[in-house]
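Note on naming: letters A, B, ... go to the chains in the order of the sequence lines (proteins, then strands), and numbering restarts at 1 for each one. Here the structure is a predicted model, which is why all the values come from computation and not from measurement.
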Amino acid sequence: MIPAKFEYIKASSVSEAIGLLEKHGDDAKILSGGHSLIPAMKLRLSRPEVLIDINGISGMNSITEDGNEILIGANCTHADIVNSDLINSELNILASTAKHIGDIQVRNRGTIGGSLAHADPAADYPAVVLACDAKIEVEGKSGKRTIPATEFFLGIFTTALAEDEIITAIRFPKVANGNYQKFFQSASRFAVVGVACVKDGNSVKVGVTGVAGTPYRATAVEDAYSGSSDAASHAVDGLEDELMSDHFADEEYRAHLAKVMVKKALEA
Amino acid sequence: MQISVTINGKTYAHDVEPRISLAQYLRETLNLTGTHIGCDTSGCGSCTVHVDGASAKACTLLAVQVDGCEIKTIEGMANGSEMHPIQEAFKENHGLQCGFCTPGMVMTAADILKNNPNPSEEEIRHGLEGNFCRCTGYHNIVKSIQHAAEKMNA
């Protein structure tokens, strides 16, 4: 399979990439790891006329400690995250999540920035950035801004990124007690349901992916957590009309699975 | 677009169309047909090669993306007529049936063993998640990689 024709431009700086996005608008796509975009282009589900490769931009693939936070460049691959000593010790939830994304070859190429910008409703990272209260750092023609993870995902494959903006980094707080529980789709290894849970004393933050079209914070679970042994039963409260359904998991099964996986995450 | 790539130690320069994948470039421009194309959408792993030392699916990389990179394909594994220990182990342990997935399996096995010279069976199976064998010969593929590890550690 061969994608439709496009022009390939390797951007050497963030400002060059933004300028190209501004110039080409809807006709352009950013190429990061490409492991969702290139298959979509081959299947002609996506036909960008211009592909802006941001892999050569320096300074976008480092993982650094910044006080109580960890700053991860958008071009860091899942393998970079799995192999980072800093992330393994200070943000273990992210390393253990990245370890189960795709497969070795995909982890060697796929990037955290690309995955978040793509916003696949079954991707793993959205649950984790939500539960960690991470911040997405973006840059566009009007400058830099920071988008809280809770405001970033707007729908299936839809984010708060403006047309001329790219993700430059993701800022995580250090997390001592967090875990991610994933029920694998047995062929694709995507999450049928994925639940990230960050505990701090008597409070908990719970991010859920794969269940609704938009990944979400399970606030009903969080509210019930300290007083109830049955908090997980609230995993899909208020989302009854937004549950996804496909031939692997219908709505009823997905809702049940969400409760089971939230329970596992709360008890882990 | 003009690219320069080092493949199995030899440097090539070609003018390629941006929409051509690395797998197509290897097979159709360089006649390195050991890299197979199965699903063509990064699922099956039969196109696995090493890019700057790390395994990658050549069907999901554009040839223009690997400009300046070092690539190793299945053709670069043997030393002349002497098979690589992983190839030898696949032969000895009946690690291939139809053979279509084998080049990708061998390249992924090499990446697994590079990062973990003594993997457990579970680690090998986890490592092979991105490689499909439709003859379902996984048992002997895992056995082959275990034997290759023993040989390479000896």
Checklist entry - Using 30° and 60° as the class limits, which term best fits the ring planes of A:H118 and A:F157: parallel, tilted or perpendicular? => result tilted
Checklist entry - When the ring planes of A:F184 and A:H100 are compared, do they come out parallel, tilted or perpendicular, using 30° and 60° as the limits? => result perpendicular
Checklist entry - For the candidates B:R19, B:H126, B:Q24, which exhibits the highest count of non-hydrogen atom pairs separated by less than 4.5 Å from chain A? => result B:R19
Next on the checklist: I need the residue from B:I20, B:L62, B:D111 with the largest number of non-hydrogen atom pairs under 4.5 Å to chain A.
Outcome noted: B:L62
Which atoms of [X] come close to chain A, meaning under 4.5 Å heavy atom to heavy atom: side chain ones, backbone ones, both, or neither?
X     : value
B:D40 : both
B:Q65 : both
B:T60 : both
B:C39 : backbone

Checklist entry - Pick from A:K10, A:R107, A:R189, A:K42: which one has the most heavy-atom pairs with chain B under 4.5 Å? => result A:K42
Item to check | Euclidean distance, B:S55 OG relative to A:R109 CZ, rounded to 0.5 Å | outcome: 10.5 Å
Against chain B, label [X] side chain, backbone, both or neither, depending on which of its atoms sit under 4.5 Å from a heavy atom there.
X     : answer
A:L37 : neither
A:N83 : neither
A:A4  : backbone

Next on the checklist: How about CD on B:E70, more than 12 heavy atoms from neighbouring residues, nucleotides or ligands closer than 6.0 Å, or not?
Outcome noted: no
Item to check | Any donor-acceptor pair under 3.5 Å from A:N61 side chain to A:C76 backbone | outcome: no
Item to check | Pair B:K10 + B:E75, salt bridge at N-O below 4.0 Å | outcome: no
Checklist entry - Any side-chain heavy atom of A:I81 sitting closer than 4.5 Å to one from A:Y125? => result yes
